Protein chains: 2
Amino acid sequence: MDLTPAVEKYVLHWGEMGTRWGTNRTVAQIQALLYLSPRPLRADEIVDLLSVARSNVSTSIRELQSYGLVKMTHMLGDRRDYFECLSDVWELFRVILEQRKQRELNPTLSMLRDVAVEVGDESETDPVTKERIQNMLQFVESTSDWYEKIQGVPTPTLQKLMKLGTGITKALPSKK
Amino acid sequence: MDLTPAVEKYVLHWGEMGTRWGTNRTVAQIQALLYLSPRPLRADEIVDLLSVARSNVSTSIRELQSYGLVKMTHMLGDRRDYFECLSDVWELFRVILEQRKQRELNPTLSMLRDVAVEVGDESETDPVTKERIQNMLQFVESTSDWYEKIQGVPTPTLQKLMKLGTGITKALPSKK
DNA sequence: CTCTTATTTCAGTCTTGACAGAAATTTAGG
DNA sequence: CCTAAATTTCTGTCAAGACTGAAATAAGAG
């Protein structure tokens, strides 16, 4: 079995993008492959399709499982592990948002809180600097809150929100 | 001149985060330093404060300028270049959003459009696969549209939107 | 309990990209 | 023009981490 040209293109591109945003190429390629696959795949099938080492597939799948993106299934009378990916894009979106929050926002938030306190004791620090730190802290806090709220929004509502985009703003000013 | 402990902590952390999201450590450190600095800095001052090579500062500033995050200024009677960073966090936000769109969304969008066409000619591709590609394409298109709309929203409105978060959804269902 | 097959862990290799330092170029003043 | 200061470009080195292949472990079947 082999990838069709279009699917191969998708998988390769996804792999490249993966490196741009936190994971490595293989992890992203496997996710793409499983997403496009109409049925769960075994590790050894992935090895063949992507031409990567068996061990690499093993660790990559582990990573995907830890994100909640991939789950294991089994076939009757076959003890090998089969893997499948979340197939709903909006579910994917939520998982990725959560990952980003954990890896990018949370550490920064805790650093900013620390620094905001520490800088209070530094008389040699310019007031402008202190203010900038405060501003950044508040911004990251808002963003973090926003991420959390979005997690809980059901898919159809999210879709509407996105479609609307800034349309909402027209309904806003009156609310102050 | 030297960094205070709090400022140093901020700059170092920011540098690490920078690697997590597309640029390198030095670029992010310089951005942090300029953001916190109450006045524009010269390249050689940055060299001293961060202990990096002059050449490194030069290329990093170029990168920041290309993003529109840093601009050059001058002092009367001093021909050396001074640099300062956007200091409004919401402006920063917009610039970063734009960068992310260009580096992550746009290439993927064009790949997906290509693939969606190409896969149409592949009779050996499973219908489920074709549907998944369509779904992803639509999702990325929505996201891309949303990014663009957000770019144009004035800061106070953005702030309100974020604060509201999902509060908006309560006003939604009736609108269908 | 042993053999076979599937999976994971681990150590070494290789690739990528950041960074320093030197060389080249640009720019303003004399 | 020529000189000196500032800046940029370029090349080699180094470090981080992705990936492979081998060795170790686990888990069913007979």
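Just the heavy atoms: all of them, side chains too, but no hydrogens, waters or symmetry mates, feed the values below. Here is how names work: the chains are called A, B, and so on, in the same order as the sequence lines, proteins then strands, and each is numbered from 1. No experiment lies behind these values; they were computed from the predicted model shown.
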Separation of [N] [atom2] from [X] [atom1] (nearest whole Å):
X: M72(B); N: dA6(D); atom1: CE; atom2: P; result: 15 Å
X: D78(A); N: dT5(C); atom1: CG; atom2: C1'; result: 12 Å
X: N56(B); N: dG17(C); atom1: CG; atom2: P; result: 16 Å
X: Y82(A); N: dT7(C); atom1: OH; atom2: C1'; result: 15 Å
X: H74(A); N: dG28(D); atom1: NE2; atom2: C1'; result: 12 Å
X: E63(A); N: dT8(C); atom1: CD; atom2: P; result: 14 Å

Short question: side chain of T23(B), backbone of T19(B) - any donor-acceptor pair under 3.5 Å?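 Looks like no, no N/O pair under 3.5 Å.
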
Find out whether Y82(B) and M75(B) are in side-chain contact, i.e. whether some heavy atom of one side chain is under 4.5 Å from a heavy atom of the other.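 Yes. Closest side-chain heavy atoms under 4.5 Å.
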
Please list, by residue number, the residues of residues 36-50 of chain A whose heavy atoms come closer than 4.0 Å to an atom of DNA chain D; answer none if no residue qualifies.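 Heavy-atom contacts with DNA chain D come from no residue of residues 36-50 of chain A; none.
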
State whether T26(A) places a side-chain N or O below 4.0 Å from either non-bridging phosphate oxygen (OP1 or OP2) of dC19(D).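 So the side chain of T26(A) is within the cut-off, an N or O lying under 4.0 Å from OP1 or OP2 of dC19(D).
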
Any side-chain N or O of R54(A) below 4.0 angstrom from OP1/OP2 of dT7(C)?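 Answer is yes, contact under 4.0 Å.
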
Could you tell me whether the side chains of [X] and [Y] share a donor-acceptor contact shorter than 3.5 Å?
X: W14(A); Y: Q31(A); value: yes
X: T73(B); Y: E84(B); value: no
X: E63(B); Y: Y67(B); value: yes

Picking from [options], which would you name as closest to the side chain of [X]?
X: D81(A); options: dT7(C), dT7(D), dC10(D); value: dT7(C)
X: T59(B); options: dT20(D), dT8(D), dT9(D); value: dT9(D)
X: N24(A); options: dC19(D), dG21(D), dT8(C); value: dC19(D)
X: R62(A); options: dC19(D), dA20(C), dT9(C); value: dT9(C)
X: R80(B); options: dT20(D), dT7(D), dT7(C); value: dT7(D)
X: R25(B); options: dT8(C), dT9(D), dC19(C); value: dC19(C)

In a table with atom names and distances, give each donor-acceptor pair under 3.5 Å that connects a side chain of residues 108-117 of chain A to protein atoms at least two apart or in another chain.
unit_1	atom_1	unit_2	atom_2	d
T108(A)	OG1	E104(A)	O	2.9
T108(A)	OG1	H13(B)	NE2	3.0
S110(A)	OG	P107(A)	O	3.4
R113(A)	NE	E141(A)	OE2	3.2
R113(A)	NH2	E141(A)	OE2	3.1

Whichever of S51(B) and S58(A) has its nearest DNA chain C nucleotide further upstream toward 5':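 It is S58(A), whose closest nucleotide lies nearer the 5' terminus.
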
Would E98(B) and K101(B) pass as an ion pair if we require N to O under 4.0 Å?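 K101(B) and E98(B): not salt-bridged.
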
Within the 4.0 Å heavy-atom criterion, would you say T19(B) contacts the bases, only the backbone, or no part of the nucleic acid?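 Touches nothing.
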
